[in-house]
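Working notes for the structure below.
Please read these numbers as outputs of a predicted model, since none were measured by experiment. Hydrogens, waters and symmetry mates play no part in the numbers below; they use all other heavy atoms, side chains included.
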Amino acid sequence: MIKDLIENQKIKMPFLINQVNKGINSNTGKQYLSIQLQDASGTIEGKKWELNEKDLELAVPGKVVLVGGEVLKYRTANQIKILNLSEMNEPYHLQDFIKTAPIEQEELLEKIMSYALSITDDRIRNFVDLMIARNIDSFKDYPAASRNHHEYHAGLMHHVYGMLRLADAICSIHENVDRDLLIAGVILHDLGKIIELSGPVIPRYTFEGKLLGHISIMSYMIKELADELGYQDEWVTLLQHMILSHHGKQEYGSPVMPSTLEAELLHQIDNIDSKINMFNKILNDLDEGGFSGKQFSLDERVIYKPNKR
């Protein structure tokens, strides 16, 4: 497993190819491949400096290949110097190469549905229940993003469940929050990603995802279902507003900024849960007392893992 690799280790292991980038070696002028490899425990960068025609045929995203090479330390992270790539001829289970949520899929769904059933307004509860029911298979499997946070099998449900716990805690402290609306917004806010992304295996942006984005997709899905059910209540527009504004600012992808308390809370809760997941992913790969490299997804910050007291 990638998480168990150590510096100077010689390996011959199967990996799923996640990404492939071509480059030119500034010293030799020859082409090389930078390949992101993954298994269920994580990802690692691999470099193939000497290329042949077979390497270019095998290095395809989504393909499981047998990698021979050596584990090196590059800056603060392990990296594989790939000596050879070969076909994976032995039987394998794709699940062994896909990271999944730390909570079982069915347990996540059960917990989310218990929050949905706790919505006291019959129409909002029925709306959320029906939206989930019509998209249940994708909702159970999809990641919450293509990278950065919750980018794994059942990651969308894992993200929603973390947000629901935060939302419930806030509602227990601040009585003026419309809990029904906030819970509904949390459950549905990223559901448009089942159309925006290609799926849990090497998630990529779809045609609709590139041109429309999950925010506008979900707003349309809400309007479409509300029209079908004949719901013309104010909460339908409020729920759409929460979806449209949950990234907080226009430069972050929201066409409008939050103008209700529940919309602001949804934005903040989404940000908190996402950032915690991003930090945990970095911290899991660090030794105590160690610093990460610059993290592009966290504004180029260097993250420190404190020593236990």
Is a side-chain N or O of [X] found less than 3.5 angstrom from the main chain of [Y], in a donor-acceptor match?
{"X": "Gln105", "Y": "Lys140", "result": "yes"}
{"X": "Arg125", "Y": "Ile119", "result": "yes"}
{"X": "Glu70", "Y": "Ile82", "result": "no"}
{"X": "Tyr142", "Y": "Ala154", "result": "no"}
{"X": "His159", "Y": "Leu156", "result": "no"}
{"X": "Lys305", "Y": "Leu283", "result": "yes"}
{"X": "Asn21", "Y": "Ile35", "result": "no"}
{"X": "Arg301", "Y": "Leu298", "result": "yes"}
{"X": "Ser146", "Y": "Arg204", "result": "no"}
{"X": "Asp39", "Y": "Ile2", "result": "yes"}

Evaluate the side-chain proximity of [Y] to [X]: yes if any heavy-atom separation is below 4.5 Å, no if none is.
{"X": "Asp121", "Y": "Leu181", "answer": "no"}
{"X": "Leu109", "Y": "Met157", "answer": "yes"}
{"X": "Thr260", "Y": "His241", "answer": "yes"}
{"X": "Leu225", "Y": "Met131", "answer": "yes"}
{"X": "Met221", "Y": "Ile195", "answer": "yes"}
{"X": "Asp168", "Y": "Leu164", "answer": "no"}
{"X": "Leu5", "Y": "Ile44", "answer": "yes"}
{"X": "Lys54", "Y": "Glu87", "answer": "yes"}

Identify the heavy atoms of [X] and [Y] that sit nearest to each other, and give their distance.
{"X": "Leu191", "Y": "Met218", "value": "CB-SD, 3.5 Å"}
{"X": "Ala59", "Y": "Leu33", "value": "CB-CD1, 3.7 Å"}
{"X": "Leu66", "Y": "Lys12", "value": "CD2-CE, 3.6 Å"}
{"X": "Glu262", "Y": "Asn176", "value": "OE2-O, 4.2 Å"}
{"X": "His246", "Y": "Ile215", "value": "CE1-CG1, 3.7 Å"}
{"X": "Ile282", "Y": "Ser292", "value": "CG2-CB, 3.8 Å"}

I'd like to know whether [atom1] of [X] has more than 12 heavy-atom contacts from other residues, nucleotides or ligands below 6.0 angstrom.
{"X": "Glu90", "atom1": "CD", "result": "no"}
{"X": "Tyr304", "atom1": "OH", "result": "yes"}
{"X": "Glu104", "atom1": "CD", "result": "no"}
{"X": "Lys81", "atom1": "NZ", "result": "no"}
{"X": "Glu50", "atom1": "CD", "result": "no"}
{"X": "Asp287", "atom1": "CG", "result": "no"}
{"X": "Glu251", "atom1": "CD", "result": "yes"}
{"X": "Glu300", "atom1": "CD", "result": "yes"}

Polar side chain donor-acceptor pair, [X] to [Y], under 3.5 angstrom:
{"X": "Gln31", "Y": "Asn25", "result": "no"}
{"X": "Arg179", "Y": "Thr120", "result": "no"}
{"X": "Tyr152", "Y": "His158", "result": "yes"}
{"X": "Lys275", "Y": "Asn271", "result": "yes"}
{"X": "His153", "Y": "Thr100", "result": "yes"}

Look at the side-chain heavy atoms of Ile, Leu, Val, Met, Phe, Trp and Tyr, link any pair under 4.5 Å apart, and say whether [X] and [Y] land in one connected group.
{"X": "Val177", "Y": "Ile269", "result": "yes"}
{"X": "Val20", "Y": "Phe15", "result": "yes"}
{"X": "Ile183", "Y": "Leu238", "result": "yes"}
{"X": "Leu265", "Y": "Ile276", "result": "yes"}
{"X": "Ile17", "Y": "Ile98", "result": "no"}

How many angstroms lie between atom [atom1] of [X] and atom [atom2] of [Y], to the nearest 0.5 angstrom?
{"X": "Asp55", "Y": "Asn84", "atom1": "CG", "atom2": "CG", "value": "8.5 Å"}
{"X": "Tyr115", "Y": "Leu182", "atom1": "OH", "atom2": "CG", "value": "11.0 Å"}
{"X": "Thr206", "Y": "Leu211", "atom1": "OG1", "atom2": "CG", "value": "8.5 Å"}
{"X": "Ser219", "Y": "Leu244", "atom1": "OG", "atom2": "CG", "value": "4.0 Å"}
{"X": "Ile80", "Y": "Leu83", "atom1": "CD1", "atom2": "CG", "value": "10.5 Å"}

Quiz item: Are Asp233 and Arg123 ion-paired here, with the side-chain N under 4.0 Å from a carboxylate O?
Solution: yes

Quiz item: Would you call Glu228 and Lys223 a salt bridge, using N to O less than 4.0 angstrom?
Solution: no

Quiz item: Does the pair Phe291 and Ile303 meet the rule for a side chain to side chain contact (heavy atoms under 4.5 Å, CB included), with working shown?
Solution: CA-CA 6 Å; Phe291 289 89; Ile303 307 305; over 6 Å; no

Quiz item: Which residue, Lys47, Gln79, Lys48, forms the side chain to side chain contact (heavy atoms under 4.5 Å, CB included) with Ser34?
Solution: Lys47

Exercise. Give the intermediate values and the outcome of side chain to side chain contact (heavy atoms under 4.5 Å, CB included) for residues Leu37 and Val67.
Key: CA-CA 9 Å; Leu37 305 165; Val67 176; 4.2 Å; yes

Quiz item: Yes or no on side chain to side chain contact (heavy atoms under 4.5 Å, CB included) for Glu288 and Lys308, after CA distance, side-chain angles and deciding distance?
Solution: CA-CA 7 Å; Glu288 291 179 17; Lys308 291 181 180 178; 3.3 Å; yes

Quiz item: In this structure, which one of Glu208, Glu196, His189 forms a side-chain hydrogen bond (donor to acceptor under 3.5 Å, both in side chains) with His214?
Solution: Glu196

Quiz item: Going through the distances and angles, do Met242 and Leu188 end up as a side chain to side chain contact (heavy atoms under 4.5 Å, CB included)?
Solution: CA-CA 10 Å; Met242 292 172 69; Leu188 300 181; over 6 Å; no

Quiz prompt | Option passing salt bridge (charged side-chain N to carboxylate O under 4.0 Å, His left out) with Glu151 (candidates Lys99, Lys193, Lys281) | solution = Lys281

Quiz item: Once the angle between the rings of Tyr231 and Phe127 is folded into 0 to 90°, is it parallel (under 30°), tilted (30 to 60°) or perpendicular (over 60°)?
Solution: tilted

